[in-house]
Amino acid sequence: MLTKKAKIGRKLEDISIGEKLIVTEHIDEKHIYLYLALTGDTNPLYTQYNYASQTKYNKPIVPSFIISGLVSAAVTKHLPGPGSHIIKKELQFDQHIYHNETISIHFEVVEINLDLNEVCINVSVLNKTQTEIANGKLTVIPPTVNQSNALLYENF
């Protein structure tokens, strides 16, 4: 494998309270089956139309952990970005979404703790009709590696 300097996300001093980010993701059946294969989760509510039709949902829904994973991915890709680490994630799911739906994930930096090198970010997940399906708060440690002195592997 060839090595080259990888892009590192923003450090604490480069982030501002009030900063916002919106990420849009489409969740199709491929994502659900990859999740199920990885975790071994066999909940029929996620895949079986006959079963789900007998529930209040009427058809299969997306596992909440997929949405949670997309929230985490947005943090480590965008805000603060590569090299950051979520140390606390509180998400409450008040609604559900179905397969093949698009969600938007809204982030807002609400607190910066210089002493602990932490950023607190509010998160809200909306469905295609802009109904909130989940909300919560993340505590994130931004990247701490000095990019100029470290040889890092390109991951993606």
Side-chain angles (χ1 to χ4, degrees), residues 1-41 43 46 60-156:
M1 171 188 276
L2 298 175
T3 61
K4 62 180 177 176
K5 298 249 181 188
K7 179 182 174 192
I8 299 297
R10 296 181 314 159
K11 293 184 177 184
L12 188 67
E13 58 268 16
D14 300 326
I15 300 169
S16 304
I17 292 177
E19 190 172 329
K20 295 180 181 180
L21 170 71
I22 300 174
V23 176
T24 303
E25 297 284 351
H26 182 76
I27 304 171
D28 57 32
E29 291 195 355
K30 166 186 67 178
H31 298 106
I32 286 109
Y33 287 108
L34 286 169
Y35 163 80
L36 297 175
L38 178 66
T39 63
D41 189 342
N43 187 345
Y46 302 146
I61 62 172
V62 172
S64 59
F65 273 96
I66 290 178
I67 298 164
S68 179
L70 292 171
V71 167
S72 296
V75 167
T76 60
K77 286 194 274 185
H78 304 293
L79 181 65
S84 60
H85 178 60
I86 297 171
I87 59 170
K88 185 174 183 182
K89 183 192 303 185
E90 298 172 355
L91 288 178
Q92 178 171 326
F93 294 86
D94 296 321
Q95 299 290 325
H96 60 276
I97 62 168
Y98 296 110
H99 298 197
N100 300 308
E101 285 196 31
T102 299
I103 59 171
S104 60
I105 309 168
H106 299 246
F107 299 91
E108 181 177 3
V109 175
V110 293
E111 184 181 337
I112 296 174
N113 187 323
L114 296 171
D115 295 332
L116 297 175
N117 192 43
E118 295 176 353
V119 178
C120 292
I121 303 171
N122 282 347
V123 61
S124 178
V125 182
L126 308 178
N127 67 11
K128 62 186 174 185
T129 64
Q130 298 302 295
T131 301
E132 186 176 75
I133 59 170
N135 64 72
K137 190 171 188 175
L138 310 171
T139 303
V140 180
I141 296 177
T144 55
V145 172
N146 184 345
Q147 186 170 347
S148 63
N149 294 332
L151 179 61
L152 303 171
Y153 292 96
E154 177 87 29
N155 291 325
F156 304 101

Residues Asp41 and Leu36: closest non-hydrogen pair is O-CD2, 3.1 Å
Distance col, row Ile105:CD1 vs His78:NE2, nearest 0.5 angstrom, shows 9.0 Å
The side-chain hydrogen bond (donor to acceptor under 3.5 Å, both in side chains) partners of Thr129 (sequence neighbours excluded) come to Asn127, Thr131
Exercise for the section: For the residue pair Val23 and Phe107, establish whether any side-chain heavy-atom pair is separated by less than 4.5 Å. Expected result: yes
ask   = With a 4.5 Å limit on heavy-atom distance, are the side chains of Ile32 and Pro63 in contact?
value = yes
Distance col, row Ile121:CD1 vs Ile17:CD1, nearest 0.5 angstrom, shows 11.5 Å
How about His99 and Val62: do any of their side-chain heavy atoms sit closer than 4.5 Å? yes
Taken in chain and number order and not counting sequence neighbours, the residues that satisfy salt bridge (charged side-chain N to carboxylate O under 4.0 Å, His left out) with Lys77 are none
So the salt bridge (charged side-chain N to carboxylate O under 4.0 Å, His left out) pairs with at least one residue in residues 12-30 (sequence neighbours excluded) are Arg10-Glu19
Report task. Find out whether Pro80 and Pro143 are in side-chain contact, i.e. whether some heavy atom of one side chain is under 4.5 Å from a heavy atom of the other. Result -> yes
So CG of Asn100 and NE2 of His31: to nearest 0.5 Å the spacing works out to 10.0 Å
The side-chain contact (heavy atoms from CB on, under 4.5 Å) partners of Asn117 (sequence neighbours excluded) come to Leu12, Ile141, Pro142, Thr144
Rounded to the nearest 0.5 Å, the CG atom of Leu79 sits from the CG atom of Leu21 at a distance of 5.5 Å
From the list Asp94, Leu126, Ile103, side chain to side chain contact (heavy atoms under 4.5 Å, CB included) partner of Ile133 resolves to Ile103
Quick note, salt bridge (charged side-chain N to carboxylate O under 4.0 Å, His left out) partners involving residues 106-126, not counting sequence neighbours, are none
Taken in chain and number order and not counting sequence neighbours, the residues that satisfy side-chain hydrogen bond (donor to acceptor under 3.5 Å, both in side chains) with Asn135 are Glu132
Contacts of His85 meeting side-chain hydrogen bond (donor to acceptor under 3.5 Å, both in side chains) (sequence neighbours excluded), chain-then-number -> none
Compile the donor-acceptor pairs under 3.5 Å between side chains in residues 64-73 and protein atoms, sequence neighbours left out, one pair per line.
unit_1 : atom_1 : unit_2 : atom_2 : d
Ser68  : OG     : Lys89  : NZ     : 2.9
Ser72  : OG     : Ser68  : O      : 3.3
Ser72  : OG     : Lys89  : NZ     : 2.4

In this structure, OG1 of Thr139 is separated from CD1 of Ile86 (nearest 0.5 Å) by 9.5 Å
When rounded to the nearest 0.5 Å, the distance separating OH of Tyr46 from OG1 of Thr39 is 8.5 Å
For Lys88 and Cys120, run side chain to side chain contact (heavy atoms under 4.5 Å, CB included): C-alpha distance rounded to whole Å, both residues' side-chain angles, the deciding distance at 0.1 Å, then the answer. CA-CA 9 Å; Lys88 185 174 183 182; Cys120 292; over 6 Å; no
Sorted by chain and number, sequence neighbours left out, side-chain hydrogen bond (donor to acceptor under 3.5 Å, both in side chains) with His96 holds for Tyr98
Across all chains, not counting sequence neighbours, the side-chain contact (heavy atoms from CB on, under 4.5 Å) partners of Leu38 are none
